[in-house]
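Residue numbering restarts at 1 for every chain, and letters A, B, ... go by the order of the sequence lines.
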Amino acid sequence: MKRNALSFLLVLVLVMALVAPVFATGSKEASAAAAFDPNAKYEVTIGAYGDLEKAYKAVFASADFKAKYPNIKVTFQTSDFGGHHNRLTTVLAAKEQSNDIEALEVGFIAQFVEAGGLMDLNAAPFNGGAISKNIVKFAMANATTAKGNLVAMPVDIAPAVLFYRADLAAKAGVNLDNLKDWDEYIAVMKKLADPAKGIYAIEHPAAVQAIPLNGGKGGWIVNGKPLEPKAKFVSALELVRKVKAANVDGDLGAWSGPWSQAYIDGKVATIVNGAWFGGTLRTWLSPEPGKWRVAYLPGKMMASLGGTYLSIPETVPAARQAAAWEVIKYLTTNPSAQLITFKEIDAFPALTSVYKDPVMDEPVAFYGGQKVRKIFADVALNIPENKVSEYDNVMLAIWNGAVTDVVNGVATPEAAYKTALDKIKATIF
Amino acid sequence: MAIKIKPQKVLSYLFLGLMAFIFAYPFYNVFVLATWPSSQVLSFPPRFFFGAGLMENWQQLFARIPIGKNFYNSLGIALLSTGSVLFFCTMAGYAFAKFEFRFKAQLYAFVIATMAIPGFLNIIPFYKMMVAFKWVNTWLPLIVPGMAGAFGIFLMTQFLENSIPAELLDAARIDGLGEFGILIRIVFPLSKPGLAVLGIVTFVGSWNNFTGPLILLPRIDSTTLPVALSVLNSRVDNNLGALMLGNALTLLPLMLIFLFFSKQIISGLTAGAVKG
C-alpha cells in the first residue's frame with residue numbers, strides 16, 4: 001500500500017513538472033510602444049460590446065478617418081455586455097494577448113484600474129494626460145489609479161437626466177422642468193400616476209436609488225470607510241421608501257416584457273436614466289417623435305449612469321500599441337468621431353470641446369424640438385468626481401440587496417443600511 | 001356498449017397535458033417570436049401566434065453575423081466532440097468495467113475526483129495552456145481536452161458494468177476475437193442506449209457552450225452560434241427579432257436529434273432503473 005502511494009505521488013510530480021513550463025511560457029513583459037509609422041500598414045483589433053461596433057464602424061468609414069489613417073484597418077471582436085467583460089477578465093488574468101484595444105464599461109473600470117494588466121496611457125509614448133484636457137474630469141479621475149496611472153481613455157459618458165412624457169405631464173397639469181427636490185418629484189408623480197388607466201409615474205422605486213450616489217459609480221469608500229457619510233446612503237434608501245409608499249410605480253423589472261410593453265403602450269410617465277436611454281426610446285421603445293422631453297434631475301442633482309472607456313492591455317506587442325493608441329486618440333479626442341458615435345448610438349461625448357459645436361444647440365425633433373443636448377452637456381460638465389475602487393461591484397451588489405429589502409418593506413432604511421454595512425465589512429474589510 | 005371513462009384517467013391525461021404544455025411552450029414561443037418584428041418581441045402579454053416579421057428578421061440576422069459559418073463551426077465542433085467522446089469514454093469505461101489492473105481503484109477515484117472541480121476554476125490555466133499549444137482560434141481546444149472527460153468515463157463504466165455479461169466477452173475471446181475487436185464488434189453495438197445518453201449530453205453541452213468559444217474563437221467568422229448571436233444583444237440597436245430567429249435556428253438541430261434518438265435516450269436513462 002505504501003509502495004502504491006509512493007508511485008502515485010511520483011506520477012503526480014511528473015505531471016506537475018510537465019505542466020509547469022506551459023504556464024511559465026504564457027506571461028509576457030510589458031514593453032514600450034514603437035513610434036507610429038503613417039506609411040506602415042496596421043491591423044488593429046477592438047474588443048467591444050453592445051452597440052459600440054456599429055458606432056465605431058461608422059467613424060472608421062468617415063472620410064476624415066480614412067484621410068488621416070489610410071493604412072489602419074480595424075476589426076472587431078464583439079459580444080454581449082457580460083460576455084465581453086468575462087472574456088477580458090480571463091484574458092487579462094492569464095496575462096495573454098488580447099485585442100489591441102479593449103472597451104470597458106464604467107461599472108468595470110474600477111475592477112481593472114487597480115488590478116493591473118492595462119498600459120499606463122499617461123506614460124510615454126502615449127502621454128494621454130497631455131491630450132485629455134478637454135475630456136470630462138470625473139471620467140478621467142475614474143480611470144486613474146492612486147499612483148496616477150491612466151489605464152483607459154473615456155470615450156463616452158452617460159449624464160443622468162429625467163425623461164418624461166410631455167402629453168401625460170400636460171394632461172396631469174404638472175411641470176417637471178425645474179423640480180426643486182425629490183419631495184416635489186414625488187408630489188408630481190402622485191398627480192401623474194393614474195392606476196385606473198394603468199399609467200405609472202415611474203417604472204420601479206429602485207430606479208431612483210443610485211442617483212444620490214452618483215449612479216453607483218464610485219464613492220463607496222471614503223477615507224478607507226465604506227458607505228460614508230452614513231446620512232447620504234440612508235437618505236438614498238429613504239428616497240426609495242418614499243417612492244414606494246407613494247404607490248406611483250409599475251413594479252416593472254427593467255428590460256422585461258411587461259416593462260417594454262408599458263413603454264410601448266405609453267404607460268410610463270417618467271424615467272431617470274443616462275442620456276443613452278434616449279436612443280432606446282427613439283429606436284424601439286417609444287419611437288413616435290414629440291412624446292418625450294428631458295429635464296434636469298430634481299434639485300439639479302448631477303450624476304452619471306454609464307460610460308465607455310478604451311484601454312490597451314499590457315500584453316499587446318509593442319509594435320501594435322502605437323497604432324492602437326492612434327485609434328484611441330481619434331475616437332476620444334476627435335470631435336467628428338465623438339459626434340458620429342453620439343449620432344449612431346446616443347453615446348454622449350466625453351470630449352467637452354464638442355459641447356460648443358452648433359449641433360449641441362440644435363432642437364431635436366424626437367423631443368418635440370427641445371434642445372436636450374444642452375442639458376446633457378451641462379450635467380456632464382458638473383458630475384462630481386468620485387473615487388472608484390476594485391470593490392465597487394461587490395459593494396453595489398450588496399447595496400442592491402438593501403434596496404430590495406426597503407422596496408419589499410422588510411427593512412427600514414436605517415436597518416437596511418446597517419445590514420449592508422455589516423455585509424460589506426465582513427466581505428471586504 | 002358505452003365506453004366507461006375513468007375520472008382518474010381523465011385527470012392523469014389533463015395533468016400530463018398541462019405538464020407537456022409547460023415544458024413545450026418556451027420552445028414554441030422561440031419559434032413564434034422569431035416571426036415578430038424586434039420592437040414586438042418583448043410584448044406583454046406574450047405573443048401566442050406567428051407574426052409577419054420573419055423575412056425582416058431573416059435579412060437582419062444574415063446582415064449582422066455570418067450565421068452560415070457560425071452554424072458550420074457549431075456543428076463541426078459538436079459532431080467531432082461527440083464522436084471522440086463516445087469513442088474514448090467507451091474505451092476507458094470498458095477498461096474500468098471489465099478489466100483488473102494495478103492502481104485501477106486509485107485511477108478511477110482520481111477520474112471521479114476531477115468531476116468535483118468547478119469548471120471556472122480551471123479556466124485561466126486552461127486558457128494559458130491553449131495559448132502555449134497555439135490552439136487559440138482553432139477547433140482543437142473545444143474538442144481535444146474533453147475527449148476523455150470524467151463524466152463520460154463514469155457513465156460508460158457504470159453502463160458497461162451492468163449491461164454486458166462477462167460470459168459474453170469470455171466467449172468472444174475463446175472464439176479468437178482480440179480486445180479491440182471485442183470493443184468494436186460487441187461493446188459498441190450493445191451500448192447503444194448508454195451511447196445515446198452520453199452522445200446527446202455531449203452534443204448539447206458542446207452546442208450550447210458559450211464561454212469556451214468566446215475566449216478561444218475570437219473572430220466572428222470562426223466562432224460558434226451562441227457567441228455570434230450574443231453580438232445581437234444590444235440596448236439601443238434593437239435586434240431582438242433577429243436574435244430570436246437565430247435562437248430558433250440554433251434549437252432546430254437539438255430538436256431533430258431528440259426526435260430521432262428519443263427511444264435510445266429514454267432507454268439509456270432508464271437502464272437499470274427496473275430490476276429485471
Partner chain A: residue of B:Ser38, B:Ser39, B:Ser43 with the largest heavy-atom pair count (under 4.5 Å): B:Ser43
B:Lys69 NZ: over 12 foreign heavy atoms closer than 6.0 Å: no
Is A:Ser260 in contact with chain B via its backbone, its side chain, both, or neither, using a 4.5 Å heavy-atom distance? side chain
What residue among B:Asn73, B:Thr224, B:Val144 forms side chain to side chain contact (heavy atoms under 4.5 Å, CB included) with B:Trp139? B:Asn73
Within 6.0 angstrom of A:Lys73 NZ, more than 12 heavy atoms from elsewhere: no
So which part of A:Trp259 gets closer than 4.5 Å to some heavy atom of chain B, the side chain, the backbone, both or neither? neither
Say you draw a straight line from OH of A:Tyr263 to CG of B:Leu42; how long is it, rounded to the nearest 0.5 Å? 13.0 Å
Shorter than 4.5 Å, heavy atoms on both sides: which option in B:Leu240, B:Thr211, B:Asn233, B:Asn238 has the most such pairs with chain A? B:Asn238
Check whether the ring centres of B:Phe48 and B:Tyr28 lie less than 6.0 Å apart, and answer yes or no. yes
So which of B:Ile123, B:Ile215, B:Leu214 has the biggest tally of heavy-atom pairs under 4.5 Å with chain A? B:Leu214
Heavy-atom pairs under 4.5 Å with chain B - which of A:Lys54, A:Arg87, A:Gln261 has more of them than the others? A:Gln261
